[in-house]
Q: 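Before I ask anything, let me first share the structure, which is written out below as structure tokens.
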Amino acid sequence: MRHIRYTFSHSSTDYYFAGGISNLKDIVDLQKTIFITDENIFNCYQKKFSNWDTLVIPSGEQYKVQATADRMIAQLLEKKADRKTTLIGIGGGVITDITGYVASIFMRGIRFGFIPTTLLAMVDASIGGKNGIDVGVFKNMVGIIRQPSFILHDLTFLNTLPVLEWQNGFAEIIKHASIKDAVLFKQLEESSIKKYQVRKKSLGELIERNVMLKSKLVKLDEFETGDRKLLNFGHTLGHALENLYKLSHGHAVSIGMSVAGLISEQRTGFKDSGRLIALLDKYGLPTAFEFDSKKVFEILKMDKKKAGNSMQYVLLNKIGKAVIKEIPIDNLEKWIESIASAR
Ligand code: ADP
Ligand code: ZN
């Protein structure tokens, strides 16, 4: 197991790579720890959980809501959890988000850590301290920024990960490459999901590279006033499509990135949207989708990134170099409509 400590503005996070649940004994007190996981993962891995006090919630984004958090808090009280308790979220992004959120509000904040079990949670959702819940159609509308005390990676969880979840993880990996890492982009072009699945060593390296890339961006700008915003590439439109059409997160973001690539061609002179679209396609991700632009715009206008009549939109100057541009909502609406009807 490899250990790296990352220091953020108020706290630090210990990363443990290539570990297992058994390593937790050296990190937390078994008697004062409660696992939070979902039904799917619990059913697949009951043996791994046998020695640990575990709170199981239903699987699915529809449960990432305040009502679930309330039930979890009631159960924590029943279990006599107190300020010394550590919560460990073992699961995908839904579990890491809600675990971090509950741990941040329970008794005004207790210690928490994560064992991400999806590729997406390993390279993205578990990192950066954004913890929250959805409110109605609005994703992550309520929440808090607070860093986990540790993140432990156990890659054996990926053996049961469905292919759709691999694609979702690669959407974020391609996002990272597009905004900050041209070398990674090229590596991805030369590989595929299947190749990474059989070459465990390159998969491990890929995951670590993405963890470092995201952690560095977060560390430089923990409270999202500058560069951290680049991580929203593909997400403004992506979130709206995800909400309206119940697409998976990665699929929605992939369409969002394709559109952002095409807008970049008009706005920054970006020349490689063809390469971006081909890469997304290679990893099984959709790059076009028919949508009702009026409905999408109603949601975009409520987005947290909107200020007045314009919106901060992440575009690409070139592969590996993203920029934030202020775009008037009216222009954006016209561009997106023309891109949607041209494809
Ligand atoms: P993410 O936001 O990371 O995509 P979710 O928390 O929405 O993740 O999880 C996606 C789905 O995958 C859920 O149904 C979850 O129960 C399931 N899942 C998570 N990890 C695994 C795993 N290692 N093996 C099988 N299914 C998993
Ligand atoms: Zn995302």
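The chain is numbered in sequence order, starting from 1. Both counts, for ligands and for their atoms, begin at 1 and track the order of listing. In this text, all values refer to a predicted model and were calculated from it rather than measured experimentally.
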Q: Please write down residue, atom name and distance for the protein heavy atom closest to atom 26 (N) of ligand 1.
A: P162 CD, 3.9 Å
Q: Distance check, rounded to the nearest 0.5 Å: S248 atom OG versus L241 atom CG?
A: 11.5 Å
Q: Which residue owns the protein heavy atom closest to atom 17 (C) of ligand 1, what's the atom, and how far is it?
A: N40 ND2, 4.0 Å
Q: Compute the shortest N/O to N/O distance between G93 and ligand 1 and return yes if it is under 3.5 Å, no if not.
A: yes
Q: Run the contact test for E165 against ligand 1 with a 4.0 Å cut-off on heavy atoms, strictly below, and give the result.
A: yes
Q: Atom 18 (N) of ligand 1: which protein heavy atom is closest, and how many Å away?
A: I41 CG1, 4.1 Å
Q: Compute both the distance and the angle, then confirm whether K48 meets the cation-pi test with F35: under 6.0 Å from the six-membered ring centre, within 45 degrees of the axis.
A: no
Q: Has D38 got any heavy atom lying under 4.0 angstrom from an atom of ligand 1?
A: yes
Q: Hey, is the main chain of G20 close enough, under 3.5 Å, to the side chain of N23 for a donor-acceptor pair?
A: yes
Q: Just jot down the ligand 1 atoms closer than 4.0 angstrom to any heavy atom of L161, in number order.
A: 21 (C), 22 (C), 24 (N)
Q: Would a 4.5 Å heavy-atom cut-off, applied to side chains only, mark V123 and L206 as touching?
A: no
Q: Which residue is it: I336, L244, L247? I am looking for the one with a side chain to side chain contact (heavy atoms under 4.5 Å, CB included) to F291.
A: I336
Q: Ligand 1 and T117, any nitrogen or oxygen pair closer than 3.5 angstrom?
A: yes
Q: Compare T96, N43, T160 and give the one whose heavy atom is closest to atom 25 (C) of ligand 1.
A: T160
Q: Salt bridge between E61 and K64, side-chain N to carboxylate O under 4.0 Å?
A: yes
Q: Using a strict 4.0 Å threshold on nitrogen-to-oxygen distance, state whether D97 and K139 make a salt bridge.
A: no
Q: In terms of side-chain geometry, is the basic nitrogen of E189 or R275 positioned less than 4.0 Å from the acidic oxygen of its partner?
A: yes
Q: Counting each atom of ligand 1 from 1 as listed, which ones have a heavy atom of V94 under 4.0 Å away?
A: 2 (O), 5 (P), 6 (O), 7 (O)
Q: Looking only at distances, please establish whether an N/O atom of ligand 1 is found under 3.5 Å from an N/O atom of F157.
A: yes
Q: Any carboxylate oxygen within less than 4.0 angstrom of a Lys/Arg side-chain nitrogen, looking at E190 and K186?
A: yes
Q: Return the name of the atom in E172, of element N, O or S, nearest to the Zn ion (ligand 2).
A: OE2
Q: Between ligand 1 and Y45, is the shortest N or O to N or O distance under 3.5 Å?
A: no
Q: Side chain or backbone, does G91 bring an N or O within less than 3.5 Å of an N or O on ligand 1?
A: no
Q: Which angle, to 10 degrees, forms at the Zn ion (ligand 2) with NE2 of H249 on one side and NE2 of H235 on the other?
A: 100°
Q: Which one of K214, H176, Q187 satisfies the side chain to side chain contact (heavy atoms under 4.5 Å, CB included) criterion with R209?
A: Q187
